[in-house]
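Quantities reported herein were computed from a predicted structural model and do not represent experimental measurements.
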Amino acid sequence: MTLRLYDTRTRTVGELQLQRPGHVGVYVCGPTVQAAPHVGHLRSAVAVDVLHRWLLATGHRVTFVRNVTDVDDKIIHDAGHNDEPYWALATRMTNAFTRAYDALHVLPPTVEPRVTGHLPQIVVLIEHLIDNGTAYESGGDVYLSVKAVPSYGEISHQDPTKLKQGEADDSLKRDPLDFALWKAAKPGEPQWASPWGPGRPGWHIECSAMAVEYLGTSFDIHAGGLDLVFPHHENENAQSTAAGHGFATTWVHHGLVTAEGGEKMSKSLGNSVLVTEALSTVPAPVLRYALGAAHYRSTIEWSDQAVADAAAAYDRIATFVRNATELTVGIEPVEQPGWEDFAAALDDDLGVPQALAVVHNAVRRGNTQLADRELPGLAGTLALVRRMLGVLCLDPISDWPSSGSSELTPVVDALVRLLVETRAQARERKDWTQADALRDRLTEAGIVLEDTAEGVRWRLT
RNA sequence: GGCCGGGUGGCCGAGUGGCUUAGGCAAGGGCCUGCAAAGCCCUGUACGCGGGUUCGAUUCCCGCCCCGGCCUCCA
């Protein structure tokens with residue numbers, strides 16, 4: 001079984017075709033580092049992280065490129081507003097994004113190229129496009145001639161003749177559809193030398209240049225948000241095609257996060273939930289679950305209810321893993337079925353919802369084995385569940401080891417144990433009033449007790 | 001105006017021309033428990049509306065309504 005993915009260009013799910021067997025080149029459009037990341041940005045990161053991890057889990061070597069757009073109109077504008085150099089704002093926000101990715105344990109990319117570090121590659125690509133007649137210089141700007149690219153529209157399925165011509169009529173363009181590869185410098189703005197005079201790159205050209213730099217002229221997967229399909233990816237594809245590059249074989253786009261009410265979350269709409277805000281109330285693994293449990297192409301509506309649902313589901317899994325781990329130390333596991341179903345679900349266009357259904361079914365089986373003290377089978381189920389969770393980065397032990405009681409200091413642990421022992425003595429003499437009073441006090445303090453055949457287990461709520 | 005996605009049981013969320021109509025949460029019943037907690041079992045008979053195709057449609061086709069995305073920066 002091999003991975004099948006939905007390709008935006010063909011609008012079909014098909015087997016992933018690789019340039020080099022066993023090796024996958026992935027380019028993901030990363031953020032424009034203009035403002036602090038919101039949960040929509042993290043959804044993007046989590047969606048492609050699952051792709052990344054599944055490719056690794058199925059034995060591929062992955063070159064994973066996620067760029068940072070660190071110079072553009074908005075960054076320049078906002079930085080100017082704060083009387084701050086654009087590169088200072090870009091660096092601050094790049095760091096904020098990195099912290100957000102790290103908080104959810106998103107695997108780092110193989111390389112994280114920045115626009116400002118790739119001006120030579122960008123200039124060379126533009127020169128090539130001018131030389132072959134598909135781009136032209138005009139008043140210090142350089143534009144791609146969209147008419148020179150017959151396949152224009154193949155990614156977004158837009159008919160160029162029917163596009164609204166939104167951008168203000170730019171007399172420097174030969175055709176309203178043409179878009180800038182290079183923008184002539186304006187006073188006070190960052191600028192780099194070029195054959196066409198000082199200026200800076202247009203938005204789309206950076207990705208074409210950097211993808212080719214690290215992945216070659218033809219590579220396997222180009223990913224990004226649904227909102228990038230047009231014009232960004234259409235234009236990227238057009239430039240690269242014009243340059244004679246094969247560029248991406250498969251175009252993968254993930255869905256967006258909306259605010260409550262269904263409207264897309266974005267900075268410009270002012271309805272963003274920042275990652276730092278979310279993490280102040282939501283445990284990181286729960287956030288990861290909330291953003292990763294839906295299919296990557298579906299819309300996620302962000303709400304307290306969505307978070308609560310994710311917390312309940314994750315806690316159910318985490319509780320099982322914790323309980324099963326306690327009982328199976330040193331037990332030789334008997335392998336349990338389920339991995340094939342899980343793998344089949346992920347191979348089918350990263351069907352995480354179905355994969356999670358397999359996980360939950362395994363958890364239910366494991367809970368039965370746990371109740372029956374069928375320990376070798378339980379150990380096998382635990383191993384299976386943790387293996388599956390590992391792919392999704394949701395294993396409470398190896399991915400999120402700090403959650404649970406282990407983070408408590410030994411002092412607190414000892415105090416709780418003392419109370420638990422006192423209660424146990426009360427229970428032995430059947431002093432239920434005393435025993436329940438102690439349990440109630442602990443519950444009030446945020447500690448839940450569970451009486452099991454093996455003794456008392458406690459955890460934080 | 002053009003292109004696209006979606007409307008599934010109380011909520012979230014998969015999926016499918018009939019077959020066993022995922023999974024989670026919530027609800028009701030049962031089991032376990034001194035009582036709880038955790039857990040297990042059972043129950044609910046859903047697919048926006050109107051047509052059509054079909055032996056049979058939630059699933060295919062047509063029309064309509066509603067929600068959302070893109071067409072301008074955006075993950």
Side-chain angles (χ1 to χ4, degrees), chain A residues 8 11 28-32 34-35 37-48 66 69 72-75 77 97 153 156-168 203 223-232 234 253-258 261-269 289-290 293-295 297-301 303 305-306 308-317 319-320 322-323 345 351-361 363-372 427 430-433 435-436 439-440 443 448-453 456-459 461:
Chain A
T8 303
R11 291 174 175 170
V28 179
C29 279
T32 299
Q34 169 220 352
H38 59 246
V39 293
H41 293 112
L42 269 192
R43 194 274 170 93
S44 174
V46 168
V48 293
R66 186 184 61 216
T69 300
D72 92 320
D73 290 342
K74 292 225 167 188
I75 296 173
H77 173 267
F97 270 86
S156 61
H157 306 283
Q158 298 285 332
D159 180 346
T161 64
K162 287 181 180 163
L163 287 173
K164 273 191 181 175
Q165 288 157 192
E167 225 171 307
W203 177 34
L226 217 42
D227 52 353
L228 296 181
V229 175
F230 192 93
H232 186 49
E234 192 66 62
H253 291 98
H254 63 259
L256 306 176
V257 177
T258 68
E263 192 178 45
K264 175 184 169 182
M265 185 179 290
S266 77
K267 175 151 196 311
S268 50
L269 292 171
Y289 194 102
H295 187 91
R297 286 195 278 117
S298 64
T299 304
I300 294 177
E301 184 169 330
S303 67
Q305 185 59 46
D309 286 354
Y314 176 76
D315 287 346
R316 173 177 163 79
I317 294 168
T319 299
F320 165 72
R322 191 190 64 236
N323 293 350
V352 172
Q354 284 152 301
L356 279 172
V358 176
V359 172
H360 277 106
N361 283 328
V363 166
R364 188 183 313 107
R365 229 185 318 123
N367 275 323
T368 301
Q369 292 166 323
L370 193 149
D372 296 345
R427 293 181 69 211
K430 302 211 188 300
D431 182 354
W432 307 126
T433 313
D436 291 352
R439 185 174 59 196
D440 289 348
T443 304
V448 175
L449 298 189
E450 295 175 17
D451 298 328
T452 75
V456 180
R457 177 191 296 136
W458 64 271
R459 64 187 159 85
T461 49

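- Looking at heavy-atom distances under 4.0 Å, Val448(A) makes contact with sugar-phosphate atoms alone, never a base.
- Across all strands shown, C70(B) forms a Watson-Crick or G-U wobble pair with G2(B), both key distances being under 3.5 Å.
- When heavy atoms are screened at a 4.0 angstrom cut-off, Ala313(A) is found touching the sugar-phosphate backbone but no base atom.
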Fill in: side chain to side chain contact (heavy atoms under 4.5 Å, CB included) between Asp451(A) and Arg439(A), worked out
CA-CA 11 Å; Asp451(A) 298 328; Arg439(A) 185 174 59 196; 4.2 Å; yes
Practice prompt. Would you sort out whether Arg364(A) and Asn361(A) count as a side-chain hydrogen bond (donor to acceptor under 3.5 Å, both in side chains), showing the intermediate values?
Written response: CA-CA 5 Å; Arg364(A) 188 183 313 107; Asn361(A) 283 328; 3.1 Å; yes
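- Nucleic acid contact class of Ser266(A) (heavy atoms, under 4.0 Å, all strands): base.
- Counting to the nearest Å, the P atom of A27(B) and the CG atom of Asp309(A) are 13 Å from each other.
- Rounding to the nearest 0.5 Å places CG of Asn323(A) at 8.0 Å from CZ of Arg459(A).
- Look at Ser298(A) and you'll find a side-chain N or O under 4.0 angstrom from OP1 or OP2 of A14(B).
- As a whole-Å value, the separation of Ile300(A) CD1 from G69(B) C1' is 15 Å.
- Comparing the P positions of A26(B) and G17(B) gives an interatomic distance of 32 Å, to the nearest angstrom.
- Here the P atom of nucleotide A37(B) and the CG atom of Asp436(A) are 12 Å apart, to the nearest Å.
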Practice prompt. Would you sort out whether His77(A) and Gln34(A) count as a side chain to side chain contact (heavy atoms under 4.5 Å, CB included), showing the intermediate values?
Written response: CA-CA 9 Å; His77(A) 173 267; Gln34(A) 169 220 352; over 6 Å; no
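- Atoms CH2 and CZ, on Trp432(A) and Arg427(A) in that order, are 6.0 Å from each other to the nearest 0.5 Å.
- Taking every side-chain heavy atom of Met265(A) into account, A75(B) is the closest of G13(B), A75(B), G24(B).
- The partner of C60(B) is G52(B), by the rule that a Watson-Crick or G-U pair needs both atom distances under 3.5 Å.
- Side chain of Ser44(A), nearest nucleotide from A75(B), C70(B), G13(B): A75(B).
- No engagement by Gly153(A) is indicated, since no non-hydrogen atom pair under 4.0 Å with the nucleic acid exists.
- Closest to the side chain of Asn367(A), out of C73(B), G69(B), G39(B), is G39(B).
- Note: NZ (Lys264(A)) to P (G6(B)) measures 18 Å, nearest angstrom.
- Across all strands shown, Asp451(A) has heavy atoms under 4.0 Å from base atoms, whether or not it also approaches the sugar-phosphate.
- A gap of 31 Å separates the C1' atoms of G13(B) and C32(B), to the nearest Å.
- The residue Ala306(A) sits apart from the nucleic acid: no heavy atom pair falls under 4.0 Å.
- Here A75(B) is the nucleotide among A75(B), G13(B), C70(B) with the atom lying nearest to any side-chain atom of Leu256(A).
- Across the P atoms, A57(B) and G52(B) are found 11 Å apart, a figure rounded to whole Å.
- For the pair Lys267(A) and A75(B), the criterion of a side-chain N or O lying under 4.0 Å from OP1 or OP2 is not met.
- Counting atom types as modelled, Arg364(A) pairs no side-chain N or O with a base atom of G39(B) as donor and acceptor under 3.5 Å.
- Among the atoms of the strands shown, none is found under 4.0 Å from any heavy atom of His232(A).
- Looking at the side chain of Arg316(A), the nearest of the listed nucleotides A37(B), G34(B), C40(B) is C40(B).
- What separates CG of Leu449(A) from C1' of G34(B) is a distance of 15 Å, to the nearest Å.
- Across all their heavy atoms, Val257(A) and Gly40(A) have their closest contact at CG2-CA, 3.7 Å.
- Summarising the geometry, the separation between CD on Glu301(A) and C1' on G5(B) is reported as 15 Å, rounded to the nearest angstrom.
- Between C11(B) and G2(B), the two P atoms lie 34 Å apart (nearest whole Å).
- Annotation for Ala47(A) and His254(A): closest pair CB-CB, 4.1 Å, computed over non-hydrogen atoms.
- Nearer to the 5' terminus of RNA chain B, by closest-nucleotide assignment, is the contact made by Thr299(A) (compared with the other of Thr299(A) and His254(A)).
- Base pairing of U16(B): no nucleotide in any strand meets the Watson-Crick or G-U wobble criterion (both distances under 3.5 Å).
- Checking C12(B), A75(B), C4(B) against the side-chain heavy atoms of Leu228(A) singles out A75(B) as nearest.
- Of all the heavy atoms in Ala306(A) and Glu301(A), the pair that sits closest is CB-O, 3.7 Å.
- For His360(A) and Gln34(A), each mapped to the nucleotide of RNA chain B holding its nearest heavy atom, the one lying further toward the 5' end belongs to His360(A).
- Distance from the side chain of Phe230(A) is smallest to C71(B) among C71(B), G13(B), G23(B).
- The C1' atoms of C73(B) and G15(B) are separated by 37 Å, rounded to the nearest whole Å.
- Rounded to whole Å, the separation between the P atoms of G39(B) and C19(B) comes to 32 Å.
- Nearest to the side-chain atoms of Arg11(A) among the listed nucleotides C40(B), C4(B), A14(B) stands C4(B).
- Among the heavy atoms of the strands lying under 4.0 Å from Val257(A) is at least one base atom, whether or not backbone atoms are also near.
- For G39(B), the paired nucleotide is C31(B), the pair qualifying as Watson-Crick or G-U wobble because both relevant distances are below 3.5 Å.
- Comparing U8(B) with U16(B), their C1' atoms sit 12 Å apart, to the nearest whole Å.
- Summarising the geometry, the separation between CG on Leu356(A) and P on C12(B) is reported as 18 Å, rounded to the nearest angstrom.
- Counting only heavy atoms from C-beta on, Arg439(A) has its side chain closest to A36(B) among A75(B), A36(B), G23(B).
- Within the 4.0 angstrom heavy-atom criterion, base atoms lie near Gly40(A).
- Nearest to the side chain of Thr319(A), among G34(B), A38(B), G24(B), sits A38(B).
- At the heavy-atom level, Thr452(A) lies nowhere under 4.0 Å from the strands shown.
- In this entry the distance linking CG of Asp431(A) with P of A36(B) reads 18 Å, nearest Å.
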Worksheet entry | Verdict with reasoning, Leu269(A) to Glu263(A), per side chain to side chain contact (heavy atoms under 4.5 Å, CB included) | CA-CA 9 Å; Leu269(A) 292 171; Glu263(A) 192 178 45; 4.1 Å; yes
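- Distance noted for atom C1' between C40(B) and G6(B): 37 Å (whole Å).
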